[in-house]
Amino acid sequence: MASTTPAAITVAGLRKAYGSKQVLDGVDLTVPAGTIFALLGPNGAGKTTIVHILSTLIRADGGEVAVGGFDVVRQADEVRGKIGLTGQFSAVDSLLTGEENLALMGRLRHLPPAELKRRTAGLLEKFDLVEAAKQPLATYSGGMRRRLDLAMTPHGRSGDHLPG
Ligand SMILES: Nc1ncnc2c1ncn2[C@@H]1O[C@H](COP(=O)(O)OP(=O)(O)OP(=O)(O)O)[C@@H](O)[C@H]1O
Ligand SMILES: [Mg+2]
């Protein structure tokens, strides 16, 4: 079906070396909008390097990379405004409850108290964590932790997420 929505990710001829070590040597890939994509490979294959290039954290040596139709070098600010990024290791605190973890993120972003309360409630709802909201993270399953981690990740400037 024809669509005017730009691909979520387009990568063409991507190259990156660290010193004399060529890590990425002509990577091509397209991720259509609205799809879930998993990048798999052995340790040291270059997955994190690609994610860092896609999220504007480091520069490639060559190739074309666009996220949401924006070039990661020439339109880095637009790309940052569009994406959320969660790390290889979770940032959540297991002594706090899910709700407290979310509220902490909001406070770090200087949300006014009423806004903080509204956003926290909205995110708990959205990530299906309302019932577990008052429980400490130590009691969460892996999937619940993952959902909380995503809820705590900045997701650009649109919609009802915390601002990025
Ligand atoms: N800043 C750096 N300086 C030098 N070499 C680096 C740097 N970052 C990564 N590398 C090397 O580049 C290669 C790819 O690393 P990268 O972290 O992208 O792999 P990965 O696929 O994410 O691995 P893992 O599955 O272990 O997370 C590895 O050989 C790594 O040692
Ligand atoms: Mg990695």
Side-chain angles (χ1 to χ4, degrees), residues 5-98 100-109 119 123-124 126-129 132 136-159 161-164:
T5 310
I9 295 169
T10 54
V11 172
L14 179 59
R15 290 186 300 105
K16 175 73 183 176
Y18 292 110
S20 60
K21 187 183 174 81
Q22 193 70 38
V23 175
L24 304 174
D25 193 7
V27 175
D28 301 306
L29 100 99
T30 302
V31 180
T35 64
I36 294 172
F37 182 83
L39 183 61
L40 306 180
N43 295 140
K47 304 178 295 295
T48 295
T49 300
I50 290 183
V51 170
H52 284 172
I53 292 168
L54 286 168
S55 53
T56 77
L57 297 174
I58 63 170
R59 283 257 203 144
D61 298 334
E64 291 294 319
V65 180
V67 174
F70 296 114
D71 185 279
V72 292
V73 176
R74 291 185 296 274
Q75 299 168 295
D77 284 345
E78 287 86 346
V79 171
R80 290 181 196 135
K82 281 237 157 212
I83 63 171
L85 180 65
T86 180
Q88 193 155 6
F89 303 102
S90 166
V92 296
D93 185 327
S94 63
L95 294 177
L96 301 180
T97 68
E100 288 165 343
N101 268 286
L102 279 171
L104 183 64
M105 289 311 277
R107 282 206 297 281
L108 290 174
R109 291 185 192 121
R119 301 261 179 151
L123 285 167
L124 288 168
K126 181 165 190 164
F127 287 88
D128 197 18
L129 292 167
L137 262 267
T139 69
Y140 280 33
S141 72
M144 290 161 76
R145 279 169 184 261
R146 202 66 192 141
R147 292 208 301 278
L148 183 68
D149 210 29
L150 289 169
M152 288 171 65
T153 299
H155 290 268
R157 293 176 193 108
S158 59
H161 294 94
L162 294 168

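Atoms within each ligand, like the ligands themselves, are counted from 1 in listed order. What you are looking at is a predicted structure, and each value in this text was computed from that prediction instead of being measured.
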Are Val11 and Glu64 close enough that some pair of their side-chain heavy atoms sits under 4.5 Å apart?
no
My understanding is that we take every heavy atom of each candidate and find the minimum distance to atom 25 (O) of ligand 1. Doing that for Gln22, Lys47, His52, Lys21, which one comes out nearest?
Lys47
Quick note on ligand 1: atoms under 4.0 Å from a heavy atom of Thr48 include exactly 17 (O), 18 (O), 20 (P), 22 (O), 27 (O)
Suppose I only count heavy atoms of Val23 and a 4.0 Å limit; which atoms of ligand 1 are within that range?
12 (O), 13 (C), 14 (C)
Would you say Gly44 has any N or O atom under 3.5 Å from an N or O of ligand 1, going by distance alone?
yes
By side-chain contact (heavy atoms from CB on, under 4.5 Å), Ala132 pairs with (sequence neighbours left out) Gln135, Tyr140, Met144
Can you name the residues that form a side-chain contact (heavy atoms from CB on, under 4.5 Å) with Ser20, not counting sequence neighbours?
none
Approximate separation, where rounding is to 0.5 Å, of Lys16 NZ and Leu24 CG
9.0 Å
From Ile58 CD1 over to Ile50 CD1, what is the distance, rounded to the nearest 0.5 angstrom?
10.0 Å
Could you tell me whether the Mg ion (ligand 2) has an N, O or S atom of Thr48 under 2.8 Å away?
yes
Shortest reach to atom 15 (O) of ligand 1 by a heavy atom, considering only Thr49, Leu39, Leu24
Thr49
